[in-house]
Protein chains: 2
Amino acid sequence: MGNPTLHDVARVAGVSYSTADRVLNGRGGVASKSIERVRQAIEDLGYRRDMMAANLSRRRSYRFAVCVPQGDHGFFSSIRRAFLAEAEARAGQRVTIEICDGSAAPLPQDCDCAVIVGAGTDRLTPAIAGLAAGNVPVVTLVSDIPGSRRAYIGIDNVVAGRTAGRLHRIAHRGRPVRVLPVLGSASLRDHRDRLAGVAESLGQASLLPPIEVADNADQMRDLLGRALREDPRITGIYSIGAGNRGLIPLMRSLGSSRPFVVLHELTPHSRAALQDDLIDVVIDQKPAEEVASALDAMKAIADGETPAGVTITPAIFFKENLPEDPA
Amino acid sequence: MGNPTLHDVARVAGVSYSTADRVLNGRGGVASKSIERVRQAIEDLGYRRDMMAANLSRRRSYRFAVCVPQGDHGFFSSIRRAFLAEAEARAGQRVTIEICDGSAAPLPQDCDCAVIVGAGTDRLTPAIAGLAAGNVPVVTLVSDIPGSRRAYIGIDNVVAGRTAGRLHRIAHRGRPVRVLPVLGSASLRDHRDRLAGVAESLGQASLLPPIEVADNADQMRDLLGRALREDPRITGIYSIGAGNRGLIPLMRSLGSSRPFVVLHELTPHSRAALQDDLIDVVIDQKPAEEVASALDAMKAIADGETPAGVTITPAIFFKENLPEDPA
DNA sequence: CAGAAAATGACAGACGTCAATCATTTTCTT
DNA sequence: AAGAAAATGATTGACGTCTGTCATTTTCTG
């Protein structure tokens with residue numbers, strides 16, 4: 001009835017518990033024929049090591065470091081909140097996390113796994129090198145660093161861009177498409193990916209040259225405002241980065257003749273704008289889900305397993321399908 | 001460093017381990033002042049019972065029953081597959097599931113929790129009554145039974161309908177909207193909810209009277225084909241249930257003048273149709289996620305906790321953001 | 001105040017695994 | 001064949017909790 005234990009495996013394999021243990025945990029000093037017999041018994045019985053008992057015995061607790069930039073981007077703070085919530089939820093599962101903004105304290109070198117959120121955004125790169133030197137496995141979240149990370153959890157930004165393109169095409173049925181992309185910064189890989197995606201979907205002819213607003217609301221208001229005045233034929237806006245707080249009053253002033261607007265990340269501002277019909281679509285990374293997946297992956301890595309490759313499909317929000325306000 | 005144990009709690013509270021245990025597990029026979037002191041110590045230390053050790057000791061293993069109709073709906077089989085995959089993934093966590101199609105064997109009465117998938121679809125209702133009689137807590141998945149279930153995991157179908165409505169409105173910008181809703185069955189609560197949602201979003205004027213195809217591909221082909229011939233001014237289709245295999249050839253025959261099509265559930269057929277530009281949008285329940293959430297909820301229930309209310313936000317798929325083919 | 005009832009403490013054996021030690025057996029060298 | 005090296009077995013005490021028993025202390029009751 002109950003699942004087989006390692007004792008059962010040993011018995012079936014005709015070896016002692018010690019030997020079975022040596023095989024299971026790769027402690028060495030076992031004849032290859034014994035290894036084979038144990039392997040076979042594990043296979044036959046469908047034995048799965050009881051992780052709970054194992055962790056208990058090892059008095060293992062998972063110590064994870066979370067490295068998220070301290071920016072008040074709204075987005076990063078929701079990531080931070082999600083980590084705290086998940087930590088609370090997993091407290092009974094021996095998971096503790098330490099959050100450090102990239103700035104002050106250095107990353108703990110003695111943790112089981114670290115997650116870097118929004119890499120490339122700033123000068124987190126030395127921290128990563130430090131972790132790598134200390135042999136701490138690293139998971140990247142939101143933004144990837146294709147180098148020495150074990151797993152990347154986040155959306156595919158090219159796909160996100162293509163999706164934005166499709167939405168614009170649907171909204172333009174029959175009319176000429178003239179979409180202005182608004183970048184945070186062309187040096188950010190994520191933003192470049194989104195831009196490439198939307199360009200691929202719409203075709204260069206329908207896409208105006210992008211403007212750059214440094215993820216900043218004031219610059220957004222100024223530069224986007226000017227662009228809209230200079231080219232009244234703009235029929236769509238794809239805001240690729242942050243700073244959308246500056247976009248919203250512009251749309252309000254344009255009234256019902258405003259262009260079709262697609263932007264990223266569900267924040268209190270973008271939610272309100274959706275509700276007020278000032279923008280049309282929000283493409284969201286679902287930070288809470290990303291965080292949960294990241295912790296799962298980190299746990300798997302700490303357990304020596306291969307983390308399951310999780311592809312987060314970004315959520316598409318309209319006014320109608322907004323999730324309940326967490327407030 | 002390590003988390004506090006119940007021994008620590010007892011020491012701080014100035015009582016024996018036994019007493020602390022009696023309080024923690026509500027075994028009774030404890031003076032109220034002792035209860036208070038233990039409570040306080042738990043609070044002060046931030047004690048959290050180590051579920052792994054607890055489960056190990058209790059030799060608890062979670063036995064869950066999964067009740068999913070045997071239909072080859074494509075959708076239900078993906079649910080079934082998702083359960084098998086999750087069971088495999090959680091084997092190390094003492095979770096075993098038994099899948100039973102509603103038909104043959106009766107539901108096991110001695111499991112910790114049961115999940116009913118797609119209730120209302122067929123004659124699963126007696127099974128639920130049986131479970132309730134046996135005091136087995138029930139979780140509903142996909143379709144709700146507001147009665148005696150502990151949790152419902154699934155999408156909000158009214159919201160899904162509204163979302164479909166919004167998509168049609170976006171696609172019709174400036175043109176008159178004339179959408180034909182295609183029901184599986186008006187007696188299904190889920191379908192009624194979706195219909196209500198789309199009606200609310202588009203307004204009755206833009207919505208034709210629904211046709212009913214009994215989730216059947218042949219009926220879909222016949223009835224929808226006739227409807228399209230009789231009213232060539234139809235500009236949109238919202239397929240609320242199953243049987244979309246019958247819709248696809250109709251769209252192919254209409255060529256580029258076909259209406260804008262929104263339908264539910266990502267299956268091999270709908271995926272292919274998206275890719276071939278024969279339909280425009282798929283609203284998907286994300287069965288894998290629902291299943292994972294359901295198992296989490298069941299585990300929480302089995303542990304005597306209150307399951308976290310999970311709202312699944314349906315995914316919206318276009319040709320551009322299809323997830324990788326699992327094949 | 002004696003006796004009953006209630007509350008508490010002390011202890012032990014599980015659960016399945018880990019990790020370490022030590023004794024014993026088998027296999028390999030030369 | 002003797003000695004060294006390798007492989008194996010046997011055993012033990014954790015890890016934190018559960019569950020049960022039994023003895024002891026405290027509190028209540030009449």
Side-chain angles (χ1 to χ4, degrees), chain A residues 1-39 41-42 45-62 91-96 302-305, chain B residues 1-39 41-42 45-63 90-96 302-305:
Chain A
M1 182 107 294
N3 284 0
T5 76
L6 193 51
H7 280 104
D8 299 327
V9 170
R11 194 168 27 73
V12 169
V15 300
S16 69
Y17 180 89
S18 306
T19 300
D21 172 68
R22 285 192 257 258
V23 173
L24 185 65
N25 294 301
R27 301 188 208 277
V30 184
S32 48
K33 81 170 189 334
S34 297
I35 296 185
E36 196 33 54
R37 296 172 69 184
V38 172
R39 283 256 146 75
I42 288 178
L45 292 175
Y47 168 80
R48 310 275 312 235
R49 163 208 250 121
D50 183 332
M51 271 316 220
M52 302 188 154
N55 289 339
L56 176 60
S57 174
R58 283 189 187 126
R59 75 204 77 172
R60 183 180 210 344
S61 61
Y62 302 92
Q93 270 124 88
R94 322 187 132 225
V95 173
T96 54
D303 283 341
E305 297 165 13
Chain B
M1 182 107 296
N3 284 1
T5 75
L6 194 51
H7 280 104
D8 299 327
V9 170
R11 195 168 27 73
V12 169
V15 300
S16 70
Y17 180 89
S18 305
T19 300
D21 171 69
R22 286 192 255 258
V23 173
L24 186 65
N25 294 302
R27 300 187 208 279
V30 184
S32 49
K33 82 170 192 324
S34 297
I35 295 185
E36 196 33 55
R37 295 171 70 184
V38 172
R39 284 256 146 75
I42 288 178
L45 292 175
Y47 168 79
R48 311 274 312 237
R49 161 208 252 122
D50 183 331
M51 269 315 210
M52 302 189 154
N55 289 339
L56 176 60
S57 173
R58 283 187 186 128
R59 76 202 79 171
R60 182 181 211 343
S61 62
Y62 301 92
R63 287 195 56 207
R90 297 178 191 226
Q93 270 121 90
R94 322 188 131 224
V95 172
T96 54
D303 283 341
E305 296 165 14

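If you're wondering where the values come from, they're calculated on a predicted model, not measured in any experiment. Here is the naming used below: chain letters follow the sequence lines, and residue numbers restart at 1 for every chain.
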[N] [atom2] sits how many Å from [X] [atom1], rounded?
X	N	atom1	atom2	result
A/Y17	C/dT21	OH	P	17 Å
A/L6	C/dC15	CG	P	15 Å
A/R11	D/dG9	CZ	P	14 Å
B/D21	C/dA12	CG	C1'	14 Å
A/M51	C/dC18	CE	C1'	12 Å
A/H7	D/dA10	NE2	C1'	11 Å
B/R37	C/dA7	CZ	C1'	13 Å
B/R58	C/dG16	CZ	P	15 Å

With respect to the phosphate group of [N], does any side-chain polar atom (N or O) of [X] fall under 4.0 Å of OP1 or OP2?
X	N	result
A/T19	D/dG9	yes
B/S34	C/dT8	yes
A/S16	D/dG9	yes
B/R49	D/dC18	yes

Report the distance from atom CD of A/E36 to atom OG of A/S32, rounding to the nearest 0.5 Å.
9.0 Å
Would you check, one step at a time, whether the test side chain to side chain contact (heavy atoms under 4.5 Å, CB included) holds for A/D21 with A/L6?
CA-CA 7 Å; A/D21 172 68; A/L6 193 51; 4.3 Å; yes
Compare all side-chain heavy atoms of [X] with those of [Y] and state whether any distance is below 4.5 angstrom.
X	Y	answer
B/R11	B/D8	yes
A/N3	A/D50	no
B/R49	B/N25	yes

Looking for any heavy atom pair under 4.0 Å, which part of the strands does A/N25 touch: base, sugar-phosphate only, or nothing?
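The answer is sugar-phosphate, as A/N25 gets under 4.0 Å only of primed atoms, P, OP1 or OP2.
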Mind checking B/R22 for me? I need base, sugar-phosphate or nothing, with any heavy atom below 4.0 Å counting as a touch.
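Base contact.
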Taking only the side-chain heavy atoms of [X] (C-beta and beyond), determine which of [options] contains the nearest atom.
X	options	value
A/V15	D/dC18, D/dC15, D/dG9	D/dG9
A/D50	C/dT17, D/dT19, D/dG16	C/dT17
B/A53	C/dA10, D/dG9, D/dT17	D/dT17
A/S18	D/dG9, C/dG16, D/dT17	D/dG9
A/R27	D/dT19, C/dC15, C/dC18	C/dC18

Given that A/N55 and B/S32 both sit by DNA chain C, which one's nearest nucleotide is further toward the 5' end?
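The residue mapped nearer the 5' terminus is B/S32.
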Between A/S57 and B/A20, which residue's closest nucleotide on DNA chain C lies nearer the 5′ terminus?
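Checking each residue's closest nucleotide, the 5'-ward one belongs to B/A20.
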Which atom of B/A302 lies closest to which atom of B/Y62, heavy atoms considered:
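Scanning both residues completely, I find the closest heavy atoms to be CB-CD2, 3.7 Å.
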